[in-house]
Amino acid sequence: PPIRADNALILLMRGGRQIRGLEYDANGAVVRGKDHTLIADHITEGGIVQWAMQTKPRAILWAVRGDGILAGLTYEQFEEVQGWHRHTTQGRFESVCVIPVSQPSNEQTEEVYVSVQRQVIGPDLLIERFRCVEILDPALSLDSAISYAGPATQTITGLDHLEGKTVSVVDTSAGADQPALLLDHVVVALGTISLEIPVTAADVGLAYTPRLTTLRPEIPLADGTIQGQMKRWIHLTARCLRTGGLLINGKETIYRTPDDAMDEGLILRDGDFEVMELGSTVDGLITLEPVGALPCTIVALYGQLDVEED
């Protein structure tokens with residue numbers, strides 16, 4: 001069925017590929033129509049089979065594709081913000097729903113639940129909840145994860161839903177602002193994993209790699225375009241919030257300082273992560289990835305680009 005978002009109606013067209021929006025004024029008259037897949041028609045490959053709209057804390061249209069991939073459209077109509085993103089996991093997304101909840105602060109928000117086929121021993125489908133970065137632990141960057149908090153232990157149980165899967169462990173004993181990646185290749189056996197050092201708090205789940213890739217840069221020239229010419233990023237800076245480390249085109253940025261204890265987890269930082277001399281390419285693309293299963297939020301990207309003349 002159509003979905004309402006602010007004063008717009010979002011519709012899935014016949015064939016399950018094209019998503020259109022109809023915007024209305026205060027009198028209920030259609031002001032304009034918009035094709036939300038016009039410049040990203042690849043995002044609905046496989047066809048949309050089910051969708052749901054989240055309005056708080058962020059307005060996101062979640063759509064399950066026929067191939068088990070989850071697509072998301074961040075859609076802030078009044079701010080004229082629209083951006084697609086694609087989500088994969090170790091398995092298939094089968095359905096999605098959004099449930100309103102009340103928090104201790106009495107503020108209303110909404111939580112996203114998905115059913116996932118992970119092909120493990122046990123239930124055919126798992127019901128999982130997306131974390132809300134404004135409310136839950138910001139250091140949790142794993143799929144199908146559980147969180148432990150209690151007495152010091154080297155054994156974590158309750159992982160029957162990930163039997164036989166390779167999981168990662170993030171130690172949060174020092175607090176959510178100082179997570180440490182303990183293990184990234186440990187196999188769950190009989191619903192249990194063993195650690196080399198004791199922890200009082202930890203997250204255990206399936207690792208994934210968030211990846212942001214820019215479009216090809218373009219600078220208007222008096223005599224044409226820079227497309228097809230060799231380009232070289234002399235330096236690049238990513239401004240981040242609560243980030244534990246960042247790779248830019250595979251180069252590791254400096255995220256530890258001399259004041260950091262070497263035997264402790266990284267302190268999540270706000271600030272700039274920089275790299276120099278990324279080499280020459282025709283496309284000039286930039287790819288950003290976090291370090292390990294640690295949080296990463298990018299709010300700005302800028303740098304100096306050199307374009308070779310023909």
Side-chain angles (χ1 to χ4, degrees), residues 62 64 68-70 72 85-97 99 111-212 242-247 265-266 268 289-297:
W62 297 102
V64 177
I69 291 175
L70 182 67
H85 31 98
R86 188 174 63 98
H87 302 260
T88 60
T89 189
Q90 294 185 36
R92 290 175 50 93
F93 290 103
E94 299 290 346
S95 63
V96 60
C97 72
I99 299 176
E111 293 182 339
V112 178
Y113 286 78
V114 291
S115 62
V116 188
Q117 171 60 262
R118 295 212 179 271
Q119 299 176 345
V120 297
I121 301 173
D124 292 335
L125 291 176
L126 298 176
I127 306 300
E128 303 180 9
R129 181 183 65 178
F130 284 7
R131 72 177 175 94
C132 175
V133 294
E134 274 78 6
I135 299 167
L136 301 181
D137 182 359
L140 180 56
S141 299
L142 300 166
D143 274 349
S144 197
I146 68 167
S147 296
Y148 170 81
T153 183
Q154 290 181 251
T155 302
I156 296 181
T157 60
L159 294 166
D160 303 81
H161 65 294
L162 295 177
E163 184 68 26
K165 289 286 188 178
T166 300
V167 298
S168 295
V169 183
V170 176
D171 182 6
T172 56
S173 300
D177 287 331
Q178 197 170 353
L181 181 63
L182 287 184
L183 298 170
D184 58 1
H185 289 93
V186 57
V187 178
V188 178
L190 300 177
T192 302
I193 60 169
S194 298
L195 308 178
E196 296 179 356
I197 61 175
V199 297
T200 57
D203 300 323
V204 183
L206 301 172
Y208 59 88
T209 303
R211 182 177 295 110
L212 184 156
R242 298 177 62 78
T243 295
L246 186 66
L247 300 175
L266 295 169
L268 300 184
E289 299 177 0
V291 175
L294 299 177
C296 177
T297 300

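Remark: Arg86 engages no residue in a salt bridge (charged side-chain N to carboxylate O under 4.0 Å, His left out) (not counting sequence neighbours). For His87, the side-chain hydrogen bond (donor to acceptor under 3.5 Å, both in side chains) criterion is met by His85, not counting sequence neighbours. Residues passing the side-chain hydrogen bond (donor to acceptor under 3.5 Å, both in side chains) test with Tyr208, sequence neighbours excluded: none. The side-chain hydrogen bond (donor to acceptor under 3.5 Å, both in side chains) check on Thr166 picks up nothing, with sequence neighbours excluded. For Glu128, the side-chain hydrogen bond (donor to acceptor under 3.5 Å, both in side chains) partners two or more places apart in sequence, or in a different chain, are Arg118, Ser144.
Taken to the nearest 0.5 Å, the SG atom of Cys97 stands 13.0 Å off from the CH2 atom of Trp62. To the nearest 0.5 Å, the span separating CG on Asp171 from CD1 on Ile197 amounts to 5.5 Å.
Just one of Val186, Val188, Val167, Ile146 meets the side-chain contact (heavy atoms from CB on, under 4.5 Å) condition when paired with Ile156; it is Ile146.
Summarising the geometry of Val169 relative to Ala202, their closest heavy-atom pair is CG1-CB, 4.3 Å, with the distance given to 0.1 Å. Nearest heavy atoms, Pro198 versus Ala152: CB-CB, 4.2 Å. When every heavy atom of Phe130 is checked against every heavy atom of Val114, the shortest pair comes out as CE1-CG2, 3.8 Å. Counting all heavy atoms, side chain and backbone alike, Ala293 lies closest to Leu142 at CB-CD2, 3.5 Å. Between Val199 and Tyr148, the shortest heavy-atom contact is O-CE2, 4.0 Å.
Electrostatic pairing of Lys165 and Glu163 does not count as a salt bridge here, judged by no charged N lying under 4.0 Å from a carboxylate O.
Contact check for His161 versus Leu126: side-chain heavy atoms found under the 4.5 Å cut-off. Under the 4.5 Å side-chain criterion, counting only non-hydrogen atoms from C-beta, Pro210 is not in contact with Cys296. Side chains of Tyr113 and Ile127 form a contact here, defined as non-hydrogen atoms less than 4.5 Å apart. Side-chain contact between Leu159 and Val204 is present, with at least one heavy-atom pair separated by less than 4.5 Å.
A distance-only check finds no donor-acceptor pair linking the side chain of Ser147 to the backbone of Asp203 [under 3.5 Å]. A donor-acceptor pair under 3.5 Å links the side-chain atoms of Thr153 to the main chain of Thr155, judged by distance alone.
Identified under the side-chain hydrogen bond (donor to acceptor under 3.5 Å, both in side chains) test for residues 189-201, with sequence neighbours left out: Ser173-Thr200.
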Discussion item. Using the rule given for side-chain contact (heavy atoms from CB on, under 4.5 Å), can you reason through Glu94 versus Leu125, listing the C-alpha separation, both sets of side-chain angles and the distance that settles it, and then say yes or no?
Written reply: CA-CA 9 Å; Glu94 299 290 346; Leu125 291 176; 3.6 Å; yes

Item to complete: Evaluate the criterion side-chain contact (heavy atoms from CB on, under 4.5 Å) for residue pair Leu268 and Thr243; output intermediate values, then yes/no.
Response: CA-CA 5 Å; Leu268 300 184; Thr243 295; over 6 Å; no

